[in-house]
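Report on one structure; see the data block that follows.
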Amino acid sequence: QVQLVESGGGLVQAGGSLRLSCAASGRTFSSYAMGWFRQAPGKEREFVATISSSGRITVYADSVKGRFTISRDDAKNTVSLQMNILKPEDTAVYYCAASLRSVPQSRRQYDYWGQGTQVTVSL
């Protein structure tokens, strides 16, 4: 199995930037597609971004396209989410997840989840 631990969350002013990281255990990290989801209070967990196992394919939710960038470093077993031009509506708990699917975008396509990290964007 895969264990995932997110870090890098915090409080930031609207228009600012934040970089989230997710550390994965195991020797087979490079075999997994990785994704980021977020969940705000009272709302369902929603897709943010995914990156294929090769790192060559990325997909973003329309709400973050052009502002967020997902990347991976297989040598370090990490996946990151660079978040720029943050908006108050980006406030949520952010989760990283792993999947053996090629380019997974739905919650059901992910097999492993991290514990989440809080991101709060103030006005």
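For clarity, every value in this text was computed on a predicted model and none was experimentally measured.
Between Phe37 atom CZ and Arg45 atom CZ the span is 8.5 Å, to the nearest 0.5 Å. Here CZ of Arg38 is found 4.5 Å from CD of Glu46. Values are rounded to the nearest 0.5 Å. Separation of atoms OG (Ser99) and CD (Gln105) is listed at 11.0 Å; rounding is to 0.5 Å. Here OH of Tyr94 is found 15.0 Å from OG of Ser7. Values are rounded to the nearest 0.5 Å. Expressed to the nearest 0.5 Å, how far SG of Cys96 lies from CG of Leu81 amounts to 10.0 Å.
More than 12 heavy atoms of other shown residues, nucleotides or ligands fall within 6.0 angstrom of atom CD in Gln82. Summarising the local packing, CD of Glu44 is surrounded by 12 or fewer heavy atoms from other residues, nucleotides or ligands at distances under 6.0 Å. In this structure, Arg101 places its CZ atom where only 12 or fewer heavy-atom neighbours from other residues, nucleotides or ligands lie under 6.0 Å away.
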Q) Would Ser21 and Lys76 satisfy side-chain contact (heavy atoms from CB on, under 4.5 Å), going step by step from the backbone distance to the final call? A) CA-CA 11 Å; Ser21 294; Lys76 297 181 179 179; over 6 Å; no
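Pairing each heavy atom of Ser102 with each of Ala33, the nearest pair is O-CB, 3.5 Å. Heavy-atom minimum distance, Ala23 versus Thr78: CA-CG2, 4.2 Å. For Arg19 against Ser71, the heavy-atom pair with the smallest separation is NH2-OG, 3.7 Å. Pairing each heavy atom of Ala92 with each of Ala40, the nearest pair is CB-N, 3.8 Å.
Grouped with Leu11 in a hydrophobic cluster is no other residue, since no side-chain heavy-atom contact under 4.5 Å to another Ile, Leu, Val, Met, Phe, Trp or Tyr is found.
No side-chain heavy atom of Tyr95 sits under 4.5 Å from any side-chain heavy atom of Leu4. The closest side-chain heavy-atom distance from Thr50 to Tyr110 is below 4.5 Å.
A donor atom on one side chain and an acceptor atom on the other are not found under 3.5 Å apart for Ser25 and Tyr112. For the residue pair Glu6 / Thr117, no side-chain donor-acceptor distance below 3.5 Å is found, with atom types taken as modelled.
In summary, Asp90 and Lys87 do not engage in a salt bridge, as defined by a charged side-chain N under 4.0 Å from a carboxylate O.
Panel note: side chain Thr91, backbone Val121; a donor-acceptor pair is recorded below 3.5 Å. Formation of a donor-acceptor pair under 3.5 Å by the Ser30 side chain with backbone atoms of Asp74 is not found in this model. Side-chain atoms of Arg72 never come within 3.5 Å of backbone atoms of Gly55 as a donor-acceptor pair (strictly under, hydrogens ignored).
Trp36 and Leu86 fall within the same hydrophobic cluster, defined by Ile, Leu, Val, Met, Phe, Trp and Tyr side-chain heavy atoms under 4.5 Å apart, directly or through other members. Side-chain heavy atoms closer than 4.5 Å link hydrophobic residues (I, L, V, M, F, W, Y) into clusters, and following such links, even through other members, never connects Val103 to Met34. Cluster annotation: Tyr32 and Val5 are assigned to distinct hydrophobic clusters (Ile/Leu/Val/Met/Phe/Trp/Tyr, side-chain heavy-atom contacts under 4.5 Å, transitive). Residues Phe47 and Trp113 share a single hydrophobic cluster, defined by chaining ILVMFWY side chains whose heavy atoms lie under 4.5 Å apart. At a threshold of 4.5 Å between side-chain heavy atoms, the hydrophobic network of Ile, Leu, Val, Met, Phe, Trp and Tyr places Ile70 and Val2 in one connected group.
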